[in-house]
Student: 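Input: one structure, supplied below.
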Amino acid sequence: MSNSTSERVIIPPMDEHNQRLIANLHPDDWKNPEPADCYDLVVIGAGAGGLVTSAGAAGLNVGLKVALIEKHLMGGDCTNVGCVPSKSLIRSARVVGEMWNAKKYGVVAPQEVEVDFPAVMERMRKIRADISPIDSTDRFTNEFGMDVFLGTASFTSGDTIEVAGQKLKFKKAVIATGARATHPDIPGIEEAGYLTNETVFNLTQLPKRLAIIGGGPIGCELAQTFNRFGSEVTILHRGSHILNKEDRDAAEIVQKVFQQEKVGMILSSKIERVESTSEGKKVYYTSNGKQGSIVVDEILVGAGRTPNVKNLNLEKVGVEYDKSGVKVNDNLVTSNPRIFAVGDVCLSQKFTHMADASARIVIQNALFAPFGLGRKKLSDLVIPWVTFTDPEIAHVGMYESEAKEMGLEVNTIKIDYEDVDRAITDSETEGFVKIHLKQGTDQILGATIVSPHAGETISEVTTAIVNGIGMNKLSGVIHPYPTQAEGIKKAADAYKRTKLTDGTRKLLGFLNKFS
Ligand SMILES: Cc1cc2nc3c(=O)[nH]c(=O)nc-3n(C[C@H](O)[C@H](O)[C@H](O)COP(=O)(O)OP(=O)(O)OC[C@H]3O[C@@H](n4cnc5c(N)ncnc54)[C@H](O)[C@@H]3O)c2cc1C
Ligand SMILES: NC(=O)c1ccc[n+]([C@@H]2O[C@H](COP(=O)([O-])OP(=O)(O)OC[C@H]3O[C@@H](n4cnc5c(N)ncnc54)[C@H](O)[C@@H]3O)[C@@H](O)[C@H]2O)c1
């Protein structure tokens, strides 16, 4: 065994949960192993992309020598500072939302809902620690039989990576280093200080006034959450409406809910500067030609992601990159044929399930596609995603505009949840199922769903697209009554009705006469 040790990780507050998290994901007493002579695969970064790539290769038990390198916490953003902590907080915020709406259901809730913020954050830290054994150094070493190295990796030659003073020789390498919050170029903001996804989950006291820069998924999920917890939240967003990458009608519904819940939104805004004052952090902006300012206790930045490419020494190994990340082809091969990339460091779709899906492509293409035969392609994937506001926006496949750009004529079927019984019984009628079809066929190109359960509902449409199941077949699928998924069935039935010509109606009438 080598005596190379990794740097100690600290995550405030260092309570029992965070200590357990660290013990699983970056143990203080970790000793890197003695490297093998040569690895079949070395993976840099142990986020979702790196974990799935390395476990997928080593877990096959076909004798592959695999090394996984992580500089900070195994599990990466998703487990530590992304999906897991944010969804835990969102669940607590849902309870508040339900209590705010309790009267609508004939239930008397207290006028002022009290949120015990330290308890909410402790619940989140406990959940994160409970989940952490799945990503742990122990599991990846013992269950998958790979060598785990803690430390910062960089390429030193075409077949060698250095980590913590040791050299790892590789046949194939995978860059899975992820992305981090883009630091905004706003005068005064560095001096005033701000939170990102890397620090917001460390809070133990609720900020009374919170400015959020960016009205994308990070900004919106956390704006609604902190507002429900009792912060006075203001989103400063460049676009003329929030969530401007989503379907316009879908984003409008969420924006309306935000207005009702009194989430402040300063749209079409440019932040001019930030100043520390005795009252707090003062954010100066212009919005629609007018100047203004707000004073807050904390600023949270959710203004896009910057891929982690620095310090990897990519130039040395001829791996090209730009500000969007490592450049890959459709097979996820970089400009160096022995080096692949997965996840946020190379993809425009920055989701955990995309890091996972790209990792599965790379296992096949890097290890089991001799002479490039049988390589899998990124462009073959059907990609869903969910923005976990309340209501949620879930999307899969193409938007109408994308289909049109590809020269496809589109027929869109929209079912409002006002017409779905379960949404009516649940008083959740603000939302819809929208399905885009290739004109003249029942082939589904894409879909958007808005509802409190959209994330759970969208997978039926994804399954249909992936398996070439059209609206005709979907309309024959029995959906339990009453469920909100019936919105999809209703869309399929609506499609079938459009196929009823005068001729088929006449035929049905004729058949009926003799039945
Ligand atoms: C607040 C927030 C909420 C999110 N919510 C969702 C959600 O609900 N659903 C969803 O699908 N996605 C969500 N995402 C996105 C999701 O977290 C990412 O898409 C996913 O984590 C990407 O995985 P990855 O493996 O590519 O990168 P990462 O998870 O970033 O992992 C990369 C790893 O590489 C390590 N590393 C970097 N450089 C080096 C180096 N030189 N040497 C060694 N190690 C290195 C890093 O320390 C890190 O652990 C969210 C993101 C954020 C920020
Ligand atoms: N539920 C999910 O799956 C989920 C949740 C959170 C994050 N994510 C992933 O993380 C990625 C990053 O999220 P994000 O919200 O940070 O990025 P984003 O790029 O999707 O949205 C950021 C928004 O902030 C705006 N903006 C940027 N700089 C600004 C400034 N100075 N002033 C005002 N507005 C500004 C941009 O115009 C943009 O619309 C997402 O694209 C997604 O891939 C996914």
Side-chain angles (χ1 to χ4, degrees), residues 9 25-26 43-53 68-87 89-90 135 149-155 161-164 175-186 189 196-198 200-201 212-222 235-239 241-246 266-271 283 285 287 300-313 325 341-356 358-359 384-389 392-394 455:
V9 170
L25 303 182
H26 194 122
V43 180
I44 308 177
L51 293 176
V52 175
T53 311
L68 175 64
I69 310 173
E70 172 54 51
K71 70 172 181 186
H72 188 53
L73 291 166
M74 302 272 289
D77 277 7
C78 179
T79 302
N80 298 295
V81 290
C83 329
V84 171
S86 63
K87 268 75 248 179
L89 298 190
I90 284 170
D135 299 345
F149 293 83
L150 295 183
T152 302
S154 64
F155 289 95
I161 291 168
E162 187 172 304
V163 53
I175 303 166
T177 50
R180 61 188 185 283
T182 300
H183 287 225
D185 187 14
I186 299 169
I189 194 165
T196 68
N197 70 294
E198 276 164 38
V200 68
F201 302 112
I212 298 188
I213 299 179
I218 292 183
C220 287
E221 286 183 1
L222 292 177
I235 300 174
L236 293 126
H237 182 55
R238 239 183 226 153
H241 66 278
I242 57 166
L243 296 172
N244 47 295
K245 291 180 189 161
E246 306 279 0
I266 302 173
L267 302 171
S268 306
S269 65
K270 179 173 186 313
I271 301 167
V283 182
Y285 61 85
S287 166
L300 169 65
V301 172
R305 312 291 292 167
T306 300
N308 294 322
V309 288
K310 273 200 188 145
N311 308 325
L312 283 166
N313 218 1
V342 300
D344 281 10
V345 75
C346 63
L347 303 181
S348 57
Q349 312 276 26
K350 298 193 191 322
F351 303 109
T352 293
H353 47 275
M354 279 307 290
D356 179 312
S358 58
W385 65 84
V386 184
T387 298
F388 294 94
T389 45
E392 296 170 352
I393 302 178

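Order of appearance sets the numbers: ligands from 1, and atoms from 1 within every ligand.
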Student: Check each of G302, A394, C83, P217 against atom 41 (O) of ligand 2 and report the one with the nearest heavy atom.
Tutor: P217
Student: Run the contact test for G215 against ligand 2 with a 4.0 Å cut-off on heavy atoms, strictly below, and give the result.
Tutor: yes
Student: Please determine whether any non-hydrogen atom of R305 lies less than 4.0 Å from an atom of ligand 1.
Tutor: yes
Student: For ligand 1, is any non-hydrogen atom under 4.0 Å from W385's backbone (N, CA, C, O), its side chain (CB onward), both, or neither?
Tutor: neither
Student: Any idea which atoms of ligand 1 are less than 4.0 Å away from a heavy-atom of K350?
Tutor: 15 (C), 19 (O)
Student: Heavy-atom pairs closer than 4.0 Å: do any link ligand 2 to the side chain of H237, the backbone, both, or neither?
Tutor: both
Student: At what distance is the nearest protein heavy atom to atom 24 (O) of ligand 2, and which residue and atom is it?
Tutor: G214 CA, 3.2 Å
Student: Once rounded to the nearest 0.5 Å, what's the spacing between atom CG of N308 and atom CG of D77?
Tutor: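 Between N308 CG and D77 CG, I get 8.0 Å after rounding to 0.5 Å.
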Student: Which protein non-hydrogen atom lies closest to atom 9 (C) of ligand 2, naming both residue and atom, and how far is it?
Tutor: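 Here the nearest protein heavy atom works out to K350 O, 3.2 Å.
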Student: Is the contact between A303 and ligand 2 made by the side chain, the backbone, both, or neither, using heavy atoms and a 4.0 Å cut-off?
Tutor: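 For A303, backbone and side-chain atoms both sit under 4.0 Å from ligand 2.
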Student: Below 4.0 Å, non-hydrogen atoms only: which portion of V386 touches ligand 2? Side chain, backbone, both or neither.
Tutor: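 Looking at V386 and ligand 2, just backbone atoms fall under 4.0 Å.
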Student: Is C78 touching ligand 1 with its side chain, its backbone, both, or neither, if touching means heavy atoms under 4.0 Å apart?
Tutor: both
Student: Taking the non-hydrogen atoms of W385, is any one of them nearer than 4.0 angstrom to ligand 2?
Tutor: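 Contact absent.
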Student: Heavy atom under 4.0 Å from ligand 2: found in K270's side chain, backbone, both, or neither?
Tutor: neither
Student: Measuring only between side-chain heavy atoms, which start at C-beta, is F155 closer than 4.5 Å to I175?
Tutor: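 Yes, side chains in contact.
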Student: To the nearest 0.1 Å, how far is atom 34 (N) of ligand 2 from its closest protein heavy atom, and which atom is that?
Tutor: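 Protein heavy atom at minimum distance: R238 N, 3.1 Å.
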Student: Any non-hydrogen side-chain atom of N197 less than 4.5 Å from a side-chain atom of V301?
Tutor: no
Student: Are any of the N/O atoms in S269 less than 3.5 Å from those in ligand 2?
Tutor: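 No, no N or O pair falls under 3.5 Å.
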Student: At under 4.0 Å between heavy atoms, which part of T182 makes contact with ligand 2: side chain, backbone, both or neither?
Tutor: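 Contact part for T182 vs ligand 2: neither.
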Student: Looking at G343, is its backbone amide N or carbonyl O close enough to the side chain of S358 to form a donor-acceptor pair, meaning the two atoms are under 3.5 Å apart?
Tutor: yes
Student: Applying a 4.0 Å heavy-atom criterion (strictly less than), which segment of N197 is in contact with ligand 1: side chain, backbone, both, or neither?
Tutor: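 Side chain only; the backbone of N197 stays clear of ligand 1.
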Student: By number and element, which atoms of ligand 1 are closer than 4.0 Å to a non-hydrogen atom of G151?
Tutor: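 Taking each heavy atom of G151 in turn, ligand 1 has 42 (N), 43 (C) under 4.0 Å.
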Student: May I ask you to identify the nearest protein heavy atom to atom 11 (C) of ligand 2, giving residue, atom name and distance to one decimal place in Å?
Tutor: R305 CG, 3.9 Å
Student: Below 4.0 Å, non-hydrogen atoms only: which portion of A176 touches ligand 1? Side chain, backbone, both or neither.
Tutor: backbone
Student: Looking only at protein heavy atoms, which one is nearest to atom 32 (N) of ligand 2, and what is the separation?
Tutor: I213 CG2, 3.6 Å
Student: Within the side chain of K350, is there an N or O that forms a donor-acceptor pair under 3.5 Å with the backbone of D344?
Tutor: yes
Student: Can you report which non-hydrogen protein atom sits closest to atom 20 (O) of ligand 2, along with the distance?
Tutor: K245 NZ, 3.1 Å
Student: Is E221 touching ligand 2 with its side chain, its backbone, both, or neither, if touching means heavy atoms under 4.0 Å apart?
Tutor: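 Contact part for E221 vs ligand 2: side chain (C-beta onward).
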Student: Using heavy-atom distances, let me know which of G304, G216, S348 sits nearest atom 17 (O) of ligand 2.
Tutor: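 Looking at heavy atoms only, G304 sits closest to atom 17 (O) of ligand 2.
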Student: Identify the closest protein heavy atom to atom 11 (O) of ligand 1: which residue and atom is it, and at what distance?
Tutor: T352 N, 2.9 Å
Student: Nearest non-hydrogen contact with atom 6 (C) of ligand 2 belongs to which option: I393, I218, L243?
Tutor: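 Considering heavy atoms of I393, I218, L243, the nearest to atom 6 (C) of ligand 2 sits in I218.
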